[in-house]
> 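Submitted below is the structure of interest, expressed as structure tokens.
The first residue in the sequence is number 1, and the count goes up from there.
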Amino acid sequence: MRGKWHIVLFVGALGSGALGGYCHVRSQGLAVLAEDEQKRSVTSQSSFVDTLSGQYVDSQLGQMDRRRELIASSSRWNEAMLFALVGVVFLAFAGYTVRSVETAFEEGSHIGPMPDPAPQRP
């Protein structure tokens with residue numbers, strides 16, 4: 001498989017970039033859900049003034065727990081996105097390096113200039 005490693009590494013970099021994009025979209029979706037939970041919590045505050053019951057406190061704690069879970073999940077997807085982007089950089093650099101080394105070996109430039117032969121004594 002000589003000469004194909006750089007292609008494999010570049011395809012891996014593209015795959016890692018696609019994974020990073022997916023993680024970003026997933027994280028943004030969870031962040032929107034967390035914002036919706038916060039809005040629901042704010043809109044239900046008026047019922048607290050009216051009832052002063054323990055049900056409101058329980059519902060607020062439940063909403064806060066759901067929001068916390070959504071934010072934690074969104075944070076994990078953000079971390080996965082960052083790891084995927086690091087993978088893109090690493091794989092692209094590795095592919096470039098492998099391609100450069102293969103090209104140098106094919107051209108024979110890794111050997112360097114040949115030294116002049118020693119002069120012959122008559």
> Would Val98 and Glu102 satisfy side-chain contact (heavy atoms from CB on, under 4.5 Å), going step by step from the backbone distance to the final call?
CA-CA 6 Å; Val98 167; Glu102 287 176 350; 3.6 Å; yes

> For Ala34 and Ile71, which heavy atoms make the closest approach, and how far apart are they?
CB-CG1, 3.8 Å

> If you round to the nearest 0.5 Å, how far is OG of Ser16 from CZ of Phe83?
11.5 Å

> Which heavy atom of Asn78 sits nearest a heavy atom of Ser27, and at what distance?
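Shortest heavy-atom separation between Asn78 and Ser27 comes out as OD1-OG, 2.9 Å.
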
> Quick one: CZ on Arg67 to CG on Asp65, what's the gap to the nearest 0.5 Å?
12.0 Å

> Do you know the tightest heavy-atom contact between Ala13 and Ala92?
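Heavy-atom minimum between the residues: CB-N, 3.9 Å.
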
> Calculate, to the nearest 0.5 Å, the distance between atoms CG and CG belonging to Leu85 and Leu19 respectively.
9.0 Å

> Side-chain contact, heavy-atom cut-off 4.5 Å: Leu30 with Leu33?
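When only atoms from C-beta onward are counted, Leu33 and Leu30 do touch, with a gap below 4.5 Å.
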
> I need the His24 NE2 to Met81 CE distance, nearest 0.5 Å.
6.5 Å

> Does Ser73 use its side chain to pair, donor to acceptor, with the backbone of Glu69 at less than 3.5 Å?
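No; judged by distance alone, with no hydrogens or angles, the pair does not exist.
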
> Is Leu70 linked to Tyr22 within one hydrophobic cluster, defined over Ile, Leu, Val, Met, Phe, Trp and Tyr using a side-chain heavy-atom separation of less than 4.5 Å?
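Both belong to a single hydrophobic cluster.
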
> When you measure from the side chain of Ser100 to the backbone N and O of Tyr96, does any donor-acceptor pair fall under 3.5 Å?
yes

> Nearest 0.5 Å, what's the OG-CD distance between Ser74 and Gln28?
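Spacing of OG (Ser74) from CD (Gln28) equals 6.5 Å.
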
> Minimum heavy-atom separation for Phe10 to Gly95, with atom names?
CZ-C, 3.6 Å

